[in-house]
Student: 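This structure is in structure tokens; I'll ask about it shortly.
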Amino acid sequence: MKIDLHDYGYKPELEPSSGELGRIVRVDRGECDVVTSQGVLRVLSDSQRSQDVLAPVVGDWVSIVEDPDLGFLIHEVLTRFNTVSRRDPSEQVIEQVLVANIDHVFIVHGLDRPLPPGRLERFLIIAQDSGVDVSIVLTKADQVEESLEIKTTIQAIAVGIPIFTVSLLDESLEGLGALEDLIGVGKTVALLGESGAGKSTLINALVGHEAMTTGEVRTGDKKGRHTTVNREMILKPGGGIFIDTPGVRAVGIWDAQEALERVFEDLEDLAKQCRFNDCMHNTEPGCLITEAKEKEEIDFRRVERYLALRNELEEQKSRDRKE
């Protein structure tokens, strides 16, 4: 069956020097499912070198060749337009690419659980560091009343980031229409969020069928099981692509200082104008951040989270220097 790769985000500059063009839709250990114009192929990487230098991830565009003994192989991973990456969970100072070549990130949080601000910041930094559009999706509005406190906290941290509230289990599927307006033919959306946040249920509602397995959430702590164990690309009928990711427990920060400046750009700018270069933004005279907070020009929650994250990053840098 012929497949139109435009549905998967094809661009004219994606022509490989050799082999057949395809996009990775799923990665397992040592093997990948790759969609090509001829169909979906099960392929291997062509060498240890390609795994070590640039391990293929879901969303990558690749060239495929056929070996008479081994079958289909990934010959080359084409240049990536962008990536969603995190600091390796093993605490090594290396980048771990989660997905590649995307157009939008949905940060998904379930309203049936508390919102740890630090976790939101990390997801936000990872998402914004990819350089693509970012939206926050609050799910499970049908199960609990929308929490004004959660929304206020998000608005204080993620200034200017669109927030969508959706109900997925009732007949109205409230809020989905606004999300669908963000999705189009060839547009790739990556979903980030902890286990049980409702990512798989959200994808199923948007594509109109049970494309993803969903799981129960423990009633005691609202933690979900890892129903998504592999990153996988799902094509939406009528246009759009989703990449569901396993619930992320260990969320690190890659290129943290640059990302921090983007998330808290307004406070970073104020900090540079304080009277003292080493201002801790607490009780020091001439602190513009403290002054703006007291005048309620900046939400105090935003200031608190900025200072906490900045201190954490300084401690992390100090540990890295000692290793």
Student: What residues form a salt bridge (Lys or Arg N to Asp or Glu O under 4.0 Å) with E291, not counting sequence neighbours?
Tutor: K295

Student: Checking R42 now: which residues fulfil salt bridge (Lys or Arg N to Asp or Glu O under 4.0 Å) with it, not counting sequence neighbours?
Tutor: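 Expected list: D28, E31, D33.
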
Student: Test M233 against Y8 for side-chain contact (heavy atoms from CB on, under 4.5 Å), laying out the working first.
Tutor: CA-CA 9 Å; M233 184 179 291; Y8 287 87; 3.8 Å; yes

Student: Under a 4.5 Å cut-off applied to non-hydrogen side-chain atoms, are V84 and V105 in contact?
Tutor: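 The answer is yes, as the side chains (C-beta and beyond) meet within the 4.5 Å cut-off.
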
Student: Counting C-beta onward and ignoring hydrogens, is there a side-chain heavy-atom pair between V303 and R305 closer than 4.5 Å?
Tutor: no

Student: Kindly write out the residues that satisfy side chain to side chain donor-acceptor pair (under 3.5 Å) with E265, not counting sequence neighbours, or none if the list is empty.
Tutor: none

Student: Can you measure from CG (D112) to CG (L138) and round to the nearest 0.5 angstrom?
Tutor: 11.0 Å

Student: Check whether any side-chain heavy atom of L192 sits under 4.5 Å from a side-chain heavy atom of I126, and report yes or no.
Tutor: yes

Student: Hydrogens and angles aside, do R310 and H281 bring a side-chain donor and acceptor to less than 3.5 Å of each other?
Tutor: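 Note: R310 and H281 side chains meet the donor-acceptor criterion.
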
Student: Counting only heavy atoms not in E296, do more than 12 sit closer than 6.0 Å to its CD atom?
Tutor: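 Open.
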
Student: When rounded to the nearest 0.5 angstrom, what distance separates CD1 in I161 from CD1 in I136?
Tutor: 6.5 Å

Student: What do the steps show when you test F106 against H104 for ring pair (Phe, Tyr, Trp, His ring centres under 6.0 Å), and what is the final call?
Tutor: CA-CA 7 Å; F106 288 174; H104 207 125; 5.2 Å; yes

Student: D67 side chain to L73 main-chain N or O, any donor-acceptor pair under 3.5 Å?
Tutor: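 Such a contact is absent between D67 side chain and L73 backbone.
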
Student: Taking 4.0 angstrom as the limit, do R302 and D266 come out as a salt bridge?
Tutor: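 D266 and R302: salt-bridged.
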
Student: Does I125 offer a backbone N or O that forms a donor-acceptor pair with the side chain of D129 under 3.5 Å?
Tutor: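 No: the side chain of D129 does not pair with the backbone of I125.
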
Student: Could you grab the distance from atom CZ of F242 to atom CG of L191, nearest 0.5 Å is fine?
Tutor: 7.0 Å

Student: Got a sec, which pairs hit ring pair (Phe, Tyr, Trp, His ring centres under 6.0 Å) with one end in residues 296-317, sequence neighbours left out?
Tutor: F264-Y306

Student: Look at the side chain of D60 and the backbone N and O of V57, then say whether any donor-acceptor pair between them is shorter than 3.5 Å.
Tutor: yes

Student: Please check if the side chain of N101 supplies one atom and the backbone of R80 the other of a donor-acceptor pair under 3.5 Å.
Tutor: no

Student: Within a strict 4.5 Å, meaning less than it, do heavy atoms of the I150 and L111 side chains meet?
Tutor: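 When only atoms from C-beta onward are counted, L111 and I150 do touch, with a gap below 4.5 Å.
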
Student: Could you tell me whether a side-chain N or O of S130 sits under 3.5 Å from a main-chain N or O of A127, the two making a donor and an acceptor?
Tutor: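 Here the side-chain-to-backbone pair exists.
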
Student: By side chain to side chain donor-acceptor pair (under 3.5 Å), which residues pair with T83, not counting sequence neighbours?
Tutor: S85

Student: Could you check if a side-chain atom of V166 sits within less than 4.5 angstrom of a side-chain atom of V137, using non-hydrogen atoms only?
Tutor: yes

Student: Indicate yes or no: at least one non-hydrogen side-chain atom of F72 is less than 4.5 angstrom from one of L44.
Tutor: no

Student: For the side chain of K2 and the backbone of Q38, is there at least one donor-acceptor N/O pair under 3.5 Å apart?
Tutor: no

Student: Tell me, do V108 and T139 make a side-chain contact under 4.5 Å, heavy atoms counted?
Tutor: yes

Student: Can you confirm whether D244 sits close enough to I234 that some side-chain heavy atom of one is under 4.5 Å from a side-chain heavy atom of the other?
Tutor: no

Student: So how far is it from E194 CD to I107 CD1, rounded to the nearest 0.5 Å?
Tutor: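 Answer for the CD-CD1 pair, E194 versus I107, is 12.5 Å.
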
Student: Pairs of donor and acceptor atoms involving the side chains of residues 179-188, under 3.5 Å and at least two apart or interchain, shall be tabulated with distances.
Tutor:
residue	atom	partner	partner atom	Å
T188	OG1	R23	NH1	2.9
T188	OG1	R23	NH2	3.4

